[in-house]
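Taking it in order: structure first as structure tokens, then the write-up.
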2 protein chains.
Amino acid sequence: MGAEGGLRERKKLQTRAALADAALRLALEKGPDHVTVEEIAEAADVSVRTFFNYFPHKEHAIIGRNPEHLERALDRMRTAPAGESPLTTMWYAVQDVLRDLESDGELSRRGELIMSSPTLLYQLMLSSLDDERQLTAALAERMGEPAGSTRPALIVSAAGAACRVAMELHKAAPGRPVLELVREGFQLLAQGIDTAFGPDNERGSS
Amino acid sequence: MGAEGGLRERKKLQTRAALADAALRLALEKGPDHVTVEEIAEAADVSVRTFFNYFPHKEHAIIGRNPEHLERALDRMRTAPAGESPLTTMWYAVQDVLRDLESDGELSRRGELIMSSPTLLYQLMLSSLDDERQLTAALAERMGEPAGSTRPALIVSAAGAACRVAMELHKAAPGRPVLELVREGFQLLAQGIDTAFGPDNERGSS
DNA sequence: GAAAAACTTGCAGTCAGTGCAAACTATTAA
DNA sequence: TTAATAGTTTGCACTGACTGCAAGTTTTTC
């Protein structure tokens, strides 16, 4: 029946999914701060201790990140066509992930939940930190830049900022789709966010 | 002796400072994850309960943010000369804060500590979230942009990204001062981080 | 079918963080 | 100075997150 992996592995995936689902459902129902791990574990029919074998925190389960997304993004970076500009590469990677989330109908449900809870949001940002490091490394290599250079790091980090801003704006005014907002952000970043920037030319006096 | 405020107020400031100092010292000594609130409270000669009257979390005490910094930054936004470009305004605000931290010798000690501990870093980012909202609102108003527009939000958020990247790079290679790295980041953001960006022009086939 | 490896669970324990009520201390008014 | 008042500190009891350890179970492997 099971296509790949033994029974053991399938069961693990099942448990993980059950926990993540229960976590999201309960968080949406009761508000993320009013769910206890005990409830989540109970809903997924495992012990509390087992919950912590799968997730390091409650928040991690609620956020329910898909590890595959980072993998796919890294892959895209590495296999990008030679002439493609770095932000463009980044754009395709982001687009890919967002599309995937959207197709689940997850993007709105989960996204809104996350944006509305500081605890969740910072937990997400925290897990992004690690991603950003990996993405930066991959991008730097692709660009042929040395490890300590600013541009690749800033591209990755600013792209993250654009995504967050997009989600925030989307939450405030759901009219415009997230993807479009992200795209606008990328556009701005690409062309220059403030072409009149010039700290030393403007200070007339004093 | 006390210039302003009654004895009560002075005492509060004193206690707060004592707690923040103890928190930073102990965190540097033992690593941020191995300090307990009990130790901090003990070192500052107050009860654990009192600690929580001053700070919502352990991390908050370690980070020891100066609320004045946000105030000054907001002020700078509001009183910026009419012709000044938004990122430039942002730059002066950031510069102001960094200089202040540097003059204490705090920037390296605390900064490195923060960058090396995910818990601290995300706690810092969390408190930045709130700042970002306020700064965005102030900047949007200054720019005469409507509330939901992307540019001011992105400017603030990307500036934050630039600061984080600068600190990270500085930690990896302490040769270049943070301020210079931040400046480089701002420069890149201003001119355009990737002028060759163009998702739709590049995909030849498929 | 038995030994080995992986997974689950309960239990005991540490630590963070909160609400409450009592004790204490600065401030204010008389 | 004193008495009322308002703000602060503290202890206590409690919930809940999270960890290590030592059984138990279940899957895998031979």
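Using a 4.0 Å cut-off between charged side-chain N and carboxylate O, R176(A) and E184(A) make a salt bridge. With respect to the salt-bridge test (charged N to carboxylate O, under 4.0 angstrom), the residues E39(B) and K30(B) qualify. In summary, E168(B) and R133(A) engage in a salt bridge, as defined by a charged side-chain N under 4.0 Å from a carboxylate O.
A straight line from CD of Q14(A) to P of dC7(C) spans 15 Å, rounded to a whole angstrom. Following rounding to the nearest Å, E9(A) (CD) and dT8(C) (P) show an atom-to-atom distance of 13 Å. If you measure from atom CZ of R16(B) to atom C1' of dT8(D), you get 15 Å, rounded to the nearest angstrom. Look at CG on D45(A): it is 18 Å from P on dT25(D), rounded to the nearest Å. Residue F52(A) contributes atom CZ, which lies 17 Å from atom P of dC11(C) at whole-angstrom precision.
Looking at R8(B), its side chain has no donor and acceptor atom pair within 3.5 Å of the base of dT8(D).
Looking at R65(B) and S127(B), their side chains do bring a donor and an acceptor atom within 3.5 Å of each other.
Considering only side-chain atoms of R49(A), the nucleotide from dT19(D), dT9(D), dG19(C) that sits closest is dT19(D). With distances taken from any side-chain atom of L7(A) to the nucleotides dT9(C), dG17(C), dT28(D), the minimum falls on dT28(D).
Residue H57(A) has no polar side-chain atom (N or O) positioned under 4.0 Å from OP1 or OP2 of dA17(D). Using a 4.0 Å cut-off, no side-chain N or O of T36(A) falls inside it from OP1 or OP2 of dG16(D). Applying the 4.0 Å criterion to OP1 and OP2 of dT9(D), one finds that Y54(B) has a side-chain N or O inside that range. Put simply, S47(A) has a side-chain N or O that comes within less than 4.0 Å of OP1 or OP2 on dT9(C). Taking side-chain N and O atoms only, K11(A) has no distance below 4.0 Å to OP1 or OP2 of dT26(D).
In this structure, V48(B) reaches neither bases nor backbone, as no heavy-atom distance under 4.0 Å exists between it and the strands shown.
Residue pairs meeting the side-chain hydrogen bond (donor to acceptor under 3.5 Å, both in side chains) criterion with at least one member in residues 109-122 of chain A, sequence neighbours excluded: E106(A)-R110(A).
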